Each structure stands twice: as C-alpha cells, then as structure tokens.
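Only a predicted model underlies this, so the values are computations on that prediction, with no experimental measurement involved.
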Amino acid sequence: MPDRQVVPDAQWSADADPVLAAVDVTKHFPVHGKDAGRLGTRRVVHALDGASIGVYQSRVTALVGESGSGKSTLARVLAGLYPRTSGAVLLRGRTVTATRGRALRRHVGQVQLILQDPYGSFNPMLRVSTHLERAVRIHEPQCKGESLRARTRELLEQVHLRPAGQFLGKYPHELSGGQLQRVSIARALAARPAVLLADEPVSNLDVSIRLGVLNLLAELTRDGTGLLYVTHDVASARYFATDTAVMYAGQVIESGPSEQVTGEPAHPYTRLLISSAPDPARPAGGERAADRGQPPSLISPPAGCRFHPRCPFAMPQCRREAPPRFEVGDGHWTRCWLFAQGRDTPHSPRREPS
C-alpha cells in the first residue's frame, strides 16, 4: 500500500480558500446538577473537540453524523450564536472575534442560519409580510415604503412562492411546512448572505416535498452563496452536496468530495453510517450503526480514537492515541490509524490483533 501523508489541519480539501471556516474549534458546555463534579473540578460536555470544516463559494458542503455528534453545535458556532472555547472561525480569511453588538450583526449579515423547525422560528401572531419586512429593515435600513414591499415580494419570488401577494398576508399556521420553510429561507436571504447554514432543513418536512426544498437550496448557491447542509441523512448528502464531512463524538473524522466519501469511505464509522442508510439497491441484512452500540458519553469521552469501542478494526494504538489526519487522495482525508504508513485499510481482510 502507498504511504499516506499526514495533513495539517489548516489545509483545505478544495482548490479555493473557504468563505467560512472552523479551524480546530473546541466547544465545551459546563455540566450542571448531580453530574457537575466537585467544586474546583467542574465537568464539561465535550461538544466539539478540534473540529475543522470549510464552506466554499458556490458549493454545498454536507456535515453528516448521528444525532448528538456535534453537527448543530458546530453550525451555531459558525453562525456566532455560541462562543467557542478555543480555535478560530474565519470569514473570508479573517478571524471572527465578534460576540455582540454591531460586529456580531455584521457577521450575522454574512452568515445566516436556517433552522430545522420552521414553525418554531416564527411568531405565530405576525403575518409573513411583517417577518420579512423586519428582516429587510435590519439589514437594509434605507429600504422603506414601496421599496420595502417590493423587496419582500422579490424574496418570496426568489424561493418560488408565487404569486408573492398570495403569501404576504398569511399567518405561519396557514402555510404548509414546505411553504413556511421557504419563507424561512427567504428571511435569511434578506441579509444577502455569503453563507447559508441549513441545520436539518428538511427533516421535519414530508418526504414528497423535501426534494423541492433541497433543489431550491442548491439553486441559491449558483449566485456564489456557500451552503453548509447539516444532516443525519448520508444518502441525501451523497446526491446533493459537492463535499461531505463526517462528524463523530464532537470531531470531524473524514472529509472530501462527496462521491469519494460516500462511494469509497475511508473511516470505519463512515462505512457503518452508509450501511445504515436506507438503500433499495443494497441487500437486506447489512450491519447498521445501532448494531455496534451507542456513541460515547461526551462528558467522559474515551481516550484515543473516540470510535474505537464500536470499531471492528480497533487496534491497541486506537485505544491509546487519537489519530491525526491522513491524506487518502484527491482532497479526501480521514482520522484513522488504519491509514498510517504500512497499515491495511478497512477494505483489507487482514488486521492487527486486539
């Protein structure tokens, strides 16, 4: 097997620099109650530990993993909603330091978050027109009167809610889930953002309308907008995203072009995640993620590789040392000791004894 190269964390998988990036971001939440620990030894939830990801202009980057892996936390750190414990967030190559006030508003104007539940993100007492006009006034204070009304109609047209006048006077409960999620996207577009962070944007929608919303999000990247698509559905990432990053227990463990990550997964967890996704073309009876136990506690994560308690290829080194990033090829990398120099890959039947 050819030697694998260890990849520095600052190296990105695409030719261009990312518009928005997380570099070795760590986010710890203090534990309260009976699990908090003794005074002076406060325990924390290791929600993110050294997570790095890049979002590129005119590209869709999917962030996939099981529930509780840290996907939504990373999206909220990128959006500026959670202060990071350590690491850096870069917007157009510059470190983001804003945590409040005008600086945070400028960041939010460039990075907009689309939430999972559209009904929970709107005031049910206000009409669609009020929600959109308020968003426009925040980001374009000079827009007033007829210009403001024209801008709200333009936003609804942009998300394919036509005729726009039919939706402006409605309340959130009068719209379907798909229509309201499109209004949520329109509200985000009021800022004319450089990046959209879509956190499970279709998981609460009927299967029949999910594709339409995903196609809309993909369409919005054609004008240069970058999109981070947070999902537990690796199947949709396979067909929808340009790049795919895989999270496990607060860490990004594999990343690269979607076709490579989903077609030739390097990390054993990615292989297990893909085998768990519904696929009518795959024979029944394959191993699923639940068959390998549950993810570890993020209050006391395991030493070494965090996946080793569930990994069929675990070696003694996996229990002792956290793996660095290894280059697989063509922008595809993974964190797995099986890709250290001279080791067999998960595709090989041989492995070292445990």
Test item: Arg127 side-chain N/O and Thr130 main-chain N/O as donor-acceptor pair under 3.5 Å: no
Checking side-chain contact (heavy atoms from CB on, under 4.5 Å) against Leu197, which of Leu63, Leu74, Leu78, Leu115 comes through? Leu78
State, yes or no, whether a side-chain contact exists between Tyr56 and Pro18 at a heavy-atom distance under 4.5 Å. yes
Could you tabulate the donor-acceptor pairs under 3.5 Å formed by side-chain atoms of residues 134-145, not counting sequence neighbours?
unit_1	atom_1	unit_2	atom_2	d
Glu140	OE2	Arg192	NE	3.1
Glu140	OE2	Arg192	NH2	3.3

Quick one: do Asp49 and Arg306 make a salt bridge, cutoff under 4.0 Å? yes
Would you find more than 12 non-hydrogen atoms of other residues, nucleotides or ligands less than 6.0 Å from Glu259 atom CD? no
Does any part of the side chain of Val96, heavy atoms only, come nearer than 4.5 Å to the side chain of Leu90, both counted from C-beta? no
Identify the heavy atoms of Glu133 and Thr152 that sit nearest to each other, and give their distance. CG-CG2, 3.5 Å
Go through the steps for Val44 and Ile299 under the test side chain to side chain contact (heavy atoms under 4.5 Å, CB included), then give the verdict. CA-CA 6 Å; Val44 298; Ile299 297 178; over 6 Å; no
I'd like to know if the side chain of His332 reaches the main chain of Gly329, judged simply by a donor and an acceptor atom lying under 3.5 Å from each other, with no hydrogens or angles considered. no
Minimal heavy-atom distance between Gly50 and Arg335, with the atoms involved, is O-NH2, 4.2 Å
Got Val183 and Leu161 here, is their nearest side-chain heavy-atom distance under 4.5 Å? yes
Which residues share a ring-ring contact (aromatic ring centres under 6.0 Å, His included) with Phe167, sequence neighbours left out: none
With a 3.5 Å distance limit and no angle check, can you tell me whether Thr244 reaches the backbone of Val64 through a side-chain donor-acceptor pair? no
Salt bridge between Arg271 and Glu254, side-chain N to carboxylate O under 4.0 Å? no
Residue list, salt bridge (Lys or Arg N to Asp or Glu O under 4.0 Å) with Arg182, at least two apart or on another chain: none
Which pair of non-hydrogen atoms, one from Ser236 and one from Tyr229, has the smallest distance, and what is that distance? OG-OH, 2.9 Å
Are Pro324 and Trp337 side-chain neighbours, meaning at least one heavy-atom pair lies under 4.5 Å? yes
Can you tell me how far NE2 of His160 sits from CD1 of Ile185, rounded to the nearest 0.5 angstrom? 10.5 Å
Would you kindly say whether Thr270 and Tyr248 are connected by a side-chain donor-acceptor distance under 3.5 Å? no
Among Thr221, Thr242, Thr225, Asp243, which residue meets the side chain to side chain donor-acceptor pair (under 3.5 Å) test with Arg59? Asp243
Pro193 and Gln112 have their tightest heavy-atom pair at CB-CG, 3.9 Å
Taking the hydrophobic residues Ile, Leu, Val, Met, Phe, Trp and Tyr, and joining any pair whose side-chain heavy atoms are under 4.5 Å apart, which ones share a cluster with Met125? none
Please step through side chain to side chain donor-acceptor pair (under 3.5 Å) for the pair Gln116 and Ser203, ending with a clear verdict. CA-CA 7 Å; Gln116 177 179 356; Ser203 61; 2.9 Å; yes
Please determine if Lys71 and Asp199 form a salt bridge, counting it only when a charged side-chain N lies under 4.0 Å from a carboxylate O. no
Could you walk me through whether Arg310 and Glu66 pass salt bridge (Lys or Arg N to Asp or Glu O under 4.0 Å), step by step? CA-CA 14 Å; Arg310 304 170 71 188; Glu66 293 172 280; 3.1 Å; yes
Mind checking whether Pro172 and Leu175 have side chains closer than 4.5 Å, heavy atoms only? no
Evaluation steps, side chain to side chain contact (heavy atoms under 4.5 Å, CB included), between Thr26 and Arg84: CA-CA 6 Å; Thr26 294; Arg84 55 196 179 273; over 6 Å; no
Can you confirm if the aromatic rings of Phe29 and Tyr82 lie within a centre distance of less than 6.0 Å? yes
Shortest non-hydrogen separation from Cys336 to Pro323 and the atoms involved: N-CB, 3.8 Å
Is the distance between the ring centroids of His267 and Phe307 under 6.0 Å? yes
Heavy-atom closest contact (Thr95 atom, Ala88 atom, distance): CG2-CB, 4.5 Å
Taking Gln179 for its side chain and Ser176 for its backbone only, find out whether a donor-acceptor pair lies under 3.5 Å. yes
Using the salt bridge (Lys or Arg N to Asp or Glu O under 4.0 Å) criterion, which residues pair with Glu219? Sequence neighbours excluded. none
Check this for me: Arg105, atom CZ, are more than 12 non-hydrogen atoms of other residues, nucleotides or ligands nearer than 6.0 Å? no
Would you check if Leu156 and Arg162 make a side-chain contact, meaning some heavy-atom pair closer than 4.5 Å? no
Stepwise side chain to side chain donor-acceptor pair (under 3.5 Å) test for Ser300 and Arg43: CA-CA 9 Å; Ser300 301; Arg43 304 175 76 190; 3.0 Å; yes
Going by heavy atoms in the side chains, are Trp333 and Val252 under 4.5 Å from each other? yes
Are Arg76 and Leu113 side-chain neighbours, meaning at least one heavy-atom pair lies under 4.5 Å? yes
Sequence-distant partners of Ser58, side-chain contact (heavy atoms from CB on, under 4.5 Å), two or more places apart: none
Kindly assign one of parallel, tilted or perpendicular to the pair His131 and Phe122, based on the angle between their ring planes and the thresholds 30° and 60°. perpendicular
